[in-house]
Amino acid sequence: DELANLYQIARRARDDNNSENAAKYYDMILVKDPTSWEASFYVVYFKAMSCKIAQIRSAAISVSNCEDSVLLLIRDHVPEAEQGAAVVEVVLRSIRIAQMLSGGAKSHYDGISADIKNKYTQEYIDNVIAARDILYTCGNQVERIFGKDEAVARCAVHAWKSGIDIHKQILPMLANKSAN
């Protein structure tokens, strides 16, 4: 009952986009149920959602780093009939956080004075690349872990396409445009 109550509170906070409470309650769930893909993913996700501009790259790397273990938890601990929905949720939330982080990096970069903007170009590119990599990693891991289930593996395409959209935003700024 206690675990069910924690899930209810965590999901309510998640649905209300209350990052602080969602992270707190998912963290409590993770202590009681270390095999919960949902808690494993959302603890990292909501910490990344509340990051500051200077933390964009590290927040994106944290999300990328958790995707493999989260998808393995889905494969190993979620009933097969429910795995597709769980993977879709991870992919959609990964797209959302990657877009938010890359958008935050762009907004910050666009607000920098033109006379010093060139000093911050590489930082902007690094932040966007880290956000993009959330989606490339997500797609790669979905394909690797669920590749035999064509319906679930198809989710990888959505992650990759969204990653490409983010990548295209910085192409004009890269020195070797054709290689990138």
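Note that the numbering runs from 1 along the sequence shown for the chain.
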N-O pairing of K24 and D27 below 4.0 Å: no
Determine, for E150 against R154, whether the closest basic-nitrogen to carboxylate-oxygen distance falls under 4.0 angstrom. yes
Is any NZ, NE, NH1 or NH2 atom of the basic residue among D165 and K161 found under 4.0 Å from an Asp or Glu carboxylate oxygen of the other? no
Do NZ/NE/NH1/NH2 and the carboxylate oxygens of E143 and K148 come within less than 4.0 Å? no
Applying side chain to side chain contact (heavy atoms under 4.5 Å, CB included), run through L135 and W160 and close with a yes or a no. CA-CA 6 Å; L135 300 175; W160 290 326; over 6 Å; no
Side chain to side chain contact (heavy atoms under 4.5 Å, CB included) with V78: which of R75, E80, E82? E82
Carefully, step by step, assess Y124 and M173 under the rule side chain to side chain contact (heavy atoms under 4.5 Å, CB included). CA-CA 10 Å; Y124 166 62; M173 305 174 100; 3.4 Å; yes
Applying ring-ring contact (aromatic ring centres under 6.0 Å, His included), which residue pairs with at least one partner in residues 42-97 are found, sequence neighbours left out? Y26-Y42, F41-Y45, Y42-Y45, Y42-F46
If you define the side chain from C-beta out and look only at heavy atoms, does anything of I145 sit under 4.5 Å from D68? yes
Are V91 and C138 side-chain neighbours, meaning at least one heavy-atom pair lies under 4.5 Å? yes
Would you mind checking if E38 and R11 are paired as a salt bridge, meaning a charged N to carboxylate O distance below 4.0 Å? yes
Start with the C-alpha distance between Q122 and D126, add both sets of side-chain angles, then the distance that settles side-chain hydrogen bond (donor to acceptor under 3.5 Å, both in side chains), and finish with yes or no. CA-CA 6 Å; Q122 190 60 53; D126 292 343; 2.8 Å; yes
